[in-house]
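A, B, ... follow the sequence lines: proteins, then strands. Residue 1 opens every chain.
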Amino acid sequence: MSTTAKSASEAKLPGNLQGNRRLSQWLRIAPEGTVTVTSGKVEIGQGILTALAQIAAEELDVNLGRILLVPAATPTSPNEGVTSGSLSIQDSGTALRYACAETRAIYLAEAAAELGVNVDSLKVEDGTITAPNGRRTSYWALADDALLDREATGSVAPKPPSAYKIVGQSMPRVDLPDKVFGLPRFIQDLVLPGMLYGQVVRPASRAARLVSVDDAAVDAMPGVVAVVRDGSFLGVLADREEVAVKAAEALAASAKWDERDTLPDMGNLPAWLRASPHESKVIDDRASDAKPARTFSATYSRPFSAHASIGPSCSLAQWKGYKSVTVWTHSQGVYNLRADLALALGLAPEAVEVRHVEGAGCYGHNPADDVALDAALLARAADERPVRVLWAREDELGWAPYGPTMAIDVSAGIDANGNVVQWTLENYSNGHSTRPGRADKPALLAAGHLEKPFEMPLAINPPMPAGGSERNAVPLYDFPGRRVVCHRVLDMPLRASALRSLGALANVFAIESFMDELAQAAGADPVEYRLRHLTDPRGRSVIEAAARRANWRAWKKTEGRGHGIAFAKYKNLGAYCAVVAEVEAEQEIRVRRLVIAVDVGLVVNPDGVANQLEGGAIQAVSQTLKEAVRFDRRRVVSNTWEDYPILRFSEVPEVIVEIVNRPNERSVGSGEGAAGPTAGAIGNAVFDALGVRIRDLPITPERIVTAIG
Amino acid sequence: MSEEIRFTVNGAERAVRAAQNTPLVYVLRNDLGLRGTRLGCGVNQCGACHVLLDGQSVPSCDTPLWAAAGKKVVTIEGLGTPQRAHRLQRAFVAEQAGQCAYCLSGIMISAEALLARTPDPTEAEVREALDRHLCRCGTHNRIVRAVLRAAKEAA
């Protein structure tokens, strides 16, 4: 190996090129006139495929229609970890941008040699390369896989944003036409030859162990192929879907379980959080001598929250000779899932092939990974036939990982002018990730129910600065004295994991509610009060933009109506977002309008950003007003849509999104930035409307009645 | 007991041999291969699986096969195709009224039933007609705009 090759392999490459260094891992130029892009990121309803296609088309100078995105799969894709944290544009998009820029340069060098001209004189239009003398060739004519079978150098500069023609334009979603015509595109629609339908019977409660079941009676049902039992893991295979469902019901009816109480008192989760063993971490500590004139404190909380996707989780699995298995999944991370499937099934990772197929909306670590193990376990009894498992709605709402409950204590001292001089925040929460692929034990639900069970790894927090329960716990305001402490609770009676924005929703709700409480004590307008504590110009811009667009200063106070503002910079390193909420309070709170101003740096697809912002905000309205996972001391009881209501069409507010474009700033994700500010703005608007401060989410009619007294 | 049930699906006569109480959604998806009708809850609470049954928007998860006997069923595939798109399908693409889009088939079916009885609905009427349909991605406002856009286009 030459010295130059060695130094190239050690060079730090942009984005996820760093860990996946060969150009051929990212794209292929095909002679038939297409560019195949193999990102490791996956479509989860957020439109990432469209945005990545835009980036590739831009750097290569080809039309968008030539870009074909190949679904992630373990044999072929770069390992890009998990599609989460609104990082895809930043990590995968950056890698792809550099890979495509370098590919363009490689092909232009080939073209220059063939045409006998200087490379700088060449022009590229939709893949056709033209020399000044009119002679031409194309990527397609020059297509040769050997050209990209090399390490990226990262040395070819991508286009400057001022030259963009495709990036920055609103492009229609590439996946949407199939979906409006009802074409089979979801994993739930995938059918393999000879496929059987599998259904799992979950334990009767969280810690239940299976004592007995009349499997012979179910086995004898017409259409049932097999009953599968491994410890407390119970399931059935049938030749028809409705037969599998009925057989699972019959199994559940005859199953006897040994049960015990393991869940905390749902009525006082903050008390349970504080009383549980926990590990404390100071994440911000800045001393100040400033003496407050007055001090204030308050405690906020959020419950356990569900993902509640409309499409139940689904997976297909097929074994080959009990030695290797192929799994089709809508997991956010095909390599991570492969690692945990291998652990749970006792296989080498190479014996597990994981292929991504789009699922329904994904807002974090949902049961996509769990159902993959279910399918693999049931398929072991299928004699090499493929098995499809679709979770029942009750399991989707009742057994998925949840966004964990949090309790947040905030206190502050203000000086004689009402300005904050001392600020303290302490929160209590489980960690926010039990994602697979991170421990020596599989983090998959069924693994805990097997004859030889694996203990579910305790939830961790993703590393700082993004963090989990730490996410947005440090306010962006310029307080002289500041201390932030996060207590990670070490008991996990309900599985906790990543739900859209992780700790940010509750932390921002607490910080921004408290800022309004302090503004009120200081006799200040909430917008002005925030601006006087904030020097970050991009933060100030979005607050001012939201206030202006909502006509904040012209607001006329009327009976039962209120408005409120809140702001955050997501993860303190992502999107800047300010939200103004306008509410009506009668028997219940109705959010009438949300005005959102956002700065995500360079915008790749403006309509895609608006769509993500609107969606994230509406989901946050639902969480703020309605949602809480409910349980008794043994089992989750909110396992139907009646027991876990979400926001409906008639309840959805008007949403206005104003994008503050910053073409020279790095692109950051847009999916999660609105969550915390929306929750905070609603809490503040409710106070403005009714004069009562609700500090516990969700803001239900019962809580308002109690607060009014 | 299995017996042959005959009904019309998207304009074509179909005969299916399956247990009479089989939920229609499974027959449409698995026997007839019309997988655009999506299963969400199985108990008529989310609206994902709606189809037209003699013009009424009904949950196919809660409609037994026998109830469709002799009737006309229209699924999302029966509204239009990429080659001959229905005005709702054109409008949903034009408004980019989808994120994950799992809920859209059922919603477009209810929108079609609405437009058949109320050709020029108000925004409030659209919201009311879609209120039994759940969308988790928060695409509601784009969906409402798409239905209103389709209404403006002659059927």
Side-chain angles (χ1 to χ4, degrees), chain A residues 44-47 170 172-173 175-186 188-189 191 197 240-243 245 307-312 358-363 390 392-393 396 607-608 611-612 614-622 640-642 646-655, chain B residues 18-19 21-23 26-27 29-31 33-43 45-48 75-77 79-82 85 88-90 92-94 96-105 108 124 126-144:
Chain A
I44 54 175
Q46 84 284 41
S170 287
R173 286 268 298 268
D175 55 324
L176 193 58
D178 279 5
K179 291 172 179 175
V180 304
F181 292 111
L183 300 178
R185 170 130 196 165
F186 293 109
Q188 289 88 348
D189 306 332
V191 175
Y197 294 88
R240 290 183 63 93
E241 192 169 3
E242 69 276 8
V243 173
V245 171
H307 295 261
S309 181
I310 306 303
E358 281 176 47
C362 169
Y363 321 104
L390 179 82
R393 171 52 52 192
E396 191 76 20
D607 190 62
N611 205 349
Q612 280 292 292
E614 286 167 28
I618 289 168
Q619 201 173 83
V621 174
S622 186
T640 70
W641 289 117
E642 283 184 357
I646 62 172
L647 208 66
R648 289 179 178 274
F649 272 90
S650 58
E651 302 168 314
V652 167
E654 178 191 359
V655 182
Chain B
N21 60 358
T22 305
Y26 297 126
V27 172
R29 288 178 56 85
N30 301 336
D31 293 290
L34 297 167
R35 289 187 286 278
T37 300
R38 277 155 186 138
L39 181 69
C41 71
V43 288
Q45 290 184 356
C46 77
T75 68
I76 186 70
E77 293 92 341
L79 283 192
T81 61
L88 279 164
Q89 290 163 327
R90 283 194 297 271
F92 272 66
V93 172
Q96 288 291 291
Q99 285 191 36
C100 89
Y102 195 88
C103 64
L104 287 190
S105 299
M108 283 193 281
V126 174
R127 286 186 190 272
E128 190 192 334
L130 301 183
D131 219 30
R132 61 205 288 198
H133 294 273
L134 299 178
C135 161
R136 183 55 161 170
C137 296
T139 321
H140 307 74
N141 293 340
R142 285 168 182 255
I143 290 170
V144 171

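Judged by distance alone, the side chains of A:E642 and A:T640 never bring a donor and an acceptor atom under 3.5 Å apart. Side-chain N/O atoms of A:E241 and B:N30 include a donor and acceptor closer than 3.5 Å.
Only the backbone of A:L647 comes within contact range of chain B, judged by heavy atoms closer than 4.5 Å. In this structure, chain A has a heavy atom under 4.5 Å from the side chain of B:A48, while its backbone stays farther away. With a 4.5 Å cut-off on non-hydrogen atoms, A:E654 touches chain B through its backbone but not through its side chain. Interface remark: B:E128 contributes no atoms to any contact with chain A (heavy atom separation under 4.5 Å). In this structure, no portion of A:V621 lies under 4.5 Å from any heavy atom of chain B. Using a 4.5 Å cut-off between heavy atoms, A:V245 contacts chain B through its side chain alone, with no backbone atom that close. Residue contact with chain B, scored on non-hydrogen atoms closer than 4.5 Å, involves the backbone of A:R185 exclusively. Contacts between B:I143 and chain A at a heavy-atom distance below 4.5 Å involve the side chain alone, from C-beta outward. In this structure, chain B has a heavy atom under 4.5 Å from the side chain of A:S622, while its backbone stays farther away.
Options B:V93, B:L134, B:I76, B:N141 differ in how many heavy-atom pairs under 4.5 Å they form with chain A, and the most are formed by B:L134. For the options A:S309, A:A308, A:P184, heavy-atom pairs under 4.5 Å to chain B are most numerous at A:A308. Most heavy-atom pairs under 4.5 Å with chain A: of the set B:T81, B:L79, B:V144, this distinction falls to B:T81. Of the listed residues (A:I310, A:I646, A:I618, A:V655), the one with the most heavy-atom contacts under 4.5 Å to chain B is A:I310. The greatest number of non-hydrogen atom pairs below 4.5 Å with chain A, out of B:P23, B:P82, B:S105, is found for B:P82. Annotation: maximal heavy-atom pairing with chain A below 4.5 Å, among B:A85, B:C41, B:G42, B:G47, occurs at B:C41. Between chain B and the residues A:V652, A:V191, A:V243, A:N611, the largest count of heavy-atom pairs under 4.5 Å involves A:N611.
The OH atom of B:Y26 lies 5.0 Å from the CG atom of B:L39; values are rounded to the nearest 0.5 Å.
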- request: Start with the C-alpha distance between B:R35 and A:Q188, add both sets of side-chain angles, then the distance that settles side-chain contact (heavy atoms from CB on, under 4.5 Å), and finish with yes or no.
  value: CA-CA 9 Å; B:R35 289 187 286 278; A:Q188 289 88 348; over 6 Å; no
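The aromatic ring centres of A:H307 and A:Y363 sit 6.0 Å or more apart.
When every heavy atom of A:V180 is checked against every heavy atom of B:M108, the shortest pair comes out as O-CE, 3.2 Å. Contact record, B:D31 with A:R240: OD2-NH2, 2.7 Å, taken as the closest heavy-atom pair. Across B:G40 and B:C46, no two heavy atoms sit closer than the pair CA-SG, 3.7 Å. Considering every non-hydrogen atom in both A:L176 and B:A101, the closest pair reads CD1-CB, 4.2 Å.
Look at A:D189 and B:R38 and you find a salt bridge, because one of the NZ, NE, NH1 or NH2 atoms lies within 4.0 Å of a carboxylate O, short of that distance.
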